[in-house]
Each structure stands twice: as C-alpha cells, then as structure tokens.
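Written out below as structure tokens is the structure these notes cover.
One-based numbering, in listed order, for ligands and for the atoms of each. Here, residue 1 is the first one in the sequence, and each next residue gets the next number.
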Amino acid sequence: MESHATRLTQAHIHLDRLTHNLRLIAGEAPGALLWPVVKANAYGHGAQIVARHLVESGHRTLCVADVAEAMELKDASIDASYIVLSATLPEHSEALVANGFEVVVCTRDMVEALARESKKAQREISLHVKVDTGMGRIGIRPDDVSAFLAHCREFPTLRVRGLMSHFPRADEADKTYSIEQLKRFNRIVEATKDQGIEVYHMANSAAIFDLPDSHFDAVRPGIAIYGLRPSTDIANPKVGELRPVLELKSRITFLKEVPQGHGLSYGHAAHTARASLIATVPAGYGDGVSRGLSNDIDMLIRGTRCSQIGNVTMDMSLVDVTALRGQVKIGDEATLIGRDGTEEITADELAAKLGTINYEIVTRIGQRVPRVAVGN
Ligand SMILES: Cc1ncc(COP(=O)(O)O)c(C=O)c1O
C-alpha cells in the first residue's frame, strides 16, 4: 500500500465535474481558446491529476504561476504548452528556454535575457506581453506597448505570441471599472492589430461569465474550472451550473463520552454544555483546516451536520456527535467540504466564516492530503 493511501483525510477530485465545468465554460466563450489555470497545485486540487485530465480531454495549453510549477508538470510527462503567468527573473531564462515554456514578460531586462538565452540555444521562444490596464500589479503601462513591442522585435529568436491583461474587479456586480479597462485594452488591440500578435487574452472566470466582450482570442479560467464561483455577485445564471470538483473527506478515529463541563482540546477553548459524545477526526491545520475556524464549522457525519468543538489542532479536530449516539462508529466518514446525503458544506461556507474567499479555502489544503481522483 502506498503511504499516502493510509491517510485518512483525503481530497476527492471529481474529474467528471471538471469535464462538466470545462464544457460549461467553453459554451460561455465560444470561439475563444480555453487556457485553464492550474497554478498553486491547481488551486489545491492537485496539479498533476488536474493537468493530466485536462490534457487528456484535449486542452493543450495550461497556465501556471512559475517555472517550478511548469517543470513539475513537464517532469510528470504531462505534455502541454505551459504559460508562466507571474513575472520571472533573468536567472530563469535558461530553464524557460530549455523547456520551451511560454513566458509572460513586462520588463526589458527579461526580454533581453530571454533573447540571449534563446539565441544561445538556437530555439525560438514565445512571449506574452503583459499590459497593466488597471490591475495595479505586473505589466507595462499602456503607453509603453508600442515601444516595448518594438524592443521585442529587435531579437529574431523572440516571438510575441500574445498580448494580455488581467481584471482585478470583474467579479463585482458593478462592472464600471472593468468596462473602462476593457476600453483601454481594446485601444491597444486596435493599435497593434497589424503587428502579428496571434492571441489577445484577458478574461478570468468572472469575465468569462459576465463580460463577453472581453473574451478576445483566448480565456484563462481558474476558479470556475474547479466548480467554484468567482464571487456571489456574478450575474450570469449559468454560473449556478458549476459543480464543485473537490470534496475534503476524513474518518472518525476515536469516540468518547465526556461529562458536562469537560474542557476540550488546546487551551480548553470549549467546554461541554452537557454530557456529550465527542469524535476525533484526523484533520487539522496541517491539512489546511484553519485554526481560525475553531468552534465555528460543521462536519457531516452520517448525513447530519455536527459542530466542530474546541480548538482545531495541527493533526486532529473534535466534533460533537452527541446527536448520533447509538449510530456513529469509529471509522465513519466525516465530510469537511462536500456532500453527505442531502447536506452539503461548501468552500464558500468556510470562506464566509474565515473572512476570506473560496479560492483560499481550497488552495490552502495541506500538501500531505492525498488528492484522489474519483468519477473519471
Ligand atoms: C493572470 C491570471 N489569469 C487568470 C487567472 C484566473 O483567475 P480566476 O481563478 O479568477 O479565473 C489568474 C488567477 O489569479 C491570473 O493570475
């Protein structure tokens, strides 16, 4: 038995739902290439499982954050074109060129380093010039586009394949800012349309659903492929058809009757209000269950919502299963995210409790949690 198969807390990755979500998204962006984003371990879903499934379903271009993420997938023999989305440093140019990764560029230093390296290796490299139309993060200024492109063209081994930008606020109900950004990007598209750029791309998940004019030649969906909404403010009702790909499941390893007033877990942050049956579940902050959620979340056991109680610890959490006395057993499944019977706990529910977004809930799932493909 592989060591990870002995782990009781597992992330179940429903590949059939991934396929469903991709079809839904493709239907929203007809005519555009679909370049799924698998950075940060595929938003916590397991980069290799997700990327392999995407490639097997015909998606040949994947977006990652950095060189290491692209290398991990390439080394796992997942044969795709990788676009490295974050800014890289000249010291990465050798690895970028040697592996044939596509590079998002926004500094002249990086362009020159890639030019030197690609000339040395006698290998053409594809660039995507990133323009900051309002994200306020990486990207050249819109008024620098034409000079920057001219600089890139000085080097015969560089090919500017794409010109791209990114939305910071497309997930908001009020699209005023995003529409302004889109106008800025459209002016750039117009000004560069004779310069051989093959792919203009801008849309993230929110924009795919709510800003059809932003689809251009390719879209870069992240959160939506995992079946999660970019926010609760997306207007397009189709977003309601997304299906969450990930479930976080564990098992009860210990059960104990305790009296009223019994202190539970580190710091005794909770005491039993009455004689209680308390279950131990081997999932804690080492698995990505934030300690900040202590005494605030539920787990589903035998289809029933049961309150987590006491501080979440590194490896274990306690659950009040008094309502299940006589039914619950050691070895029973405990669902932290996902469905059991008619009950469901969503990443959105946990995000609201933690004051964060669903992206962070799934991305933070610990490295030691095996990602297990189900529903292929
Ligand atoms: C440049 C870029 N494009 C696309 C995405 C995907 O965004 P989302 O997950 O909101 O679809 C991201 C994610 O952060 C990104 O950084």
Tell me whether R368 is salt-bridged to D287, with the criterion being a basic N under 4.0 Å from an acidic carboxylate O. yes
Protein residue, atom and distance nearest to atom 7 (O) of ligand 1, heavy-atom basis: N204 CB, 3.5 Å
Within the 4.0 Å heavy-atom cut-off, what R220 brings close to ligand 1 is both
For Y43, the ligand 1 atoms with a heavy-atom partner under 4.0 Å come out as 6 (C), 7 (O), 8 (P), 9 (O), 13 (C)
Taking only non-hydrogen atoms of H201, do any sit less than 4.0 angstrom from ligand 1? no
Ion pair present between D217 and R161, side-chain N to carboxylate O less than 4.0 angstrom? no
Flag the pair K249 and E333 as a salt bridge only when some basic side-chain nitrogen lies within less than 4.0 angstrom of an acidic carboxylate oxygen. yes
With only distance considered, is L85 within less than 3.5 Å of ligand 1 through an N or O on each side? no
If you measure from the Lys or Arg side-chain nitrogens to the Asp or Glu carboxylate oxygens, is any gap between E117 and K120 under 4.0 Å? yes
In terms of residue, atom name and distance, what is the protein heavy atom nearest to atom 2 (C) of ligand 1? H166 CE1, 3.4 Å
In this structure, atom 14 (O) of ligand 1 is nearest to the protein heavy atom K39 NZ, 2.9 Å
I'd like to check Y226 versus L246 (side-chain heavy atoms, cut-off strictly below 4.5 Å). Are they in contact? no
Is the contact between I223 and ligand 1 made by the side chain, the backbone, both, or neither, using heavy atoms and a 4.0 Å cut-off? both
Electrostatic pair R229-D348, nearest N-O below 4.0 angstrom: no
Using a 4.5 Å cut-off on heavy atoms from C-beta on, say whether the side chain of I309 contacts that of N295. yes
Just to confirm my output: which protein heavy-atom neighbour is closest to atom 10 (O) of ligand 1, and how far is it? Y359 OH, 2.6 Å
What are the atoms of ligand 1, with element, lying closer than 4.0 Å to any heavy atom of R137? 16 (O)
Are more than 12 heavy atoms from other residues, nucleotides or ligands located less than 6.0 Å from atom CZ of R305? yes
I'd like to check whether S205 has a polar contact with ligand 1, where a contact means an N/O of the residue lying under 3.5 Å from an N/O of the ligand. yes
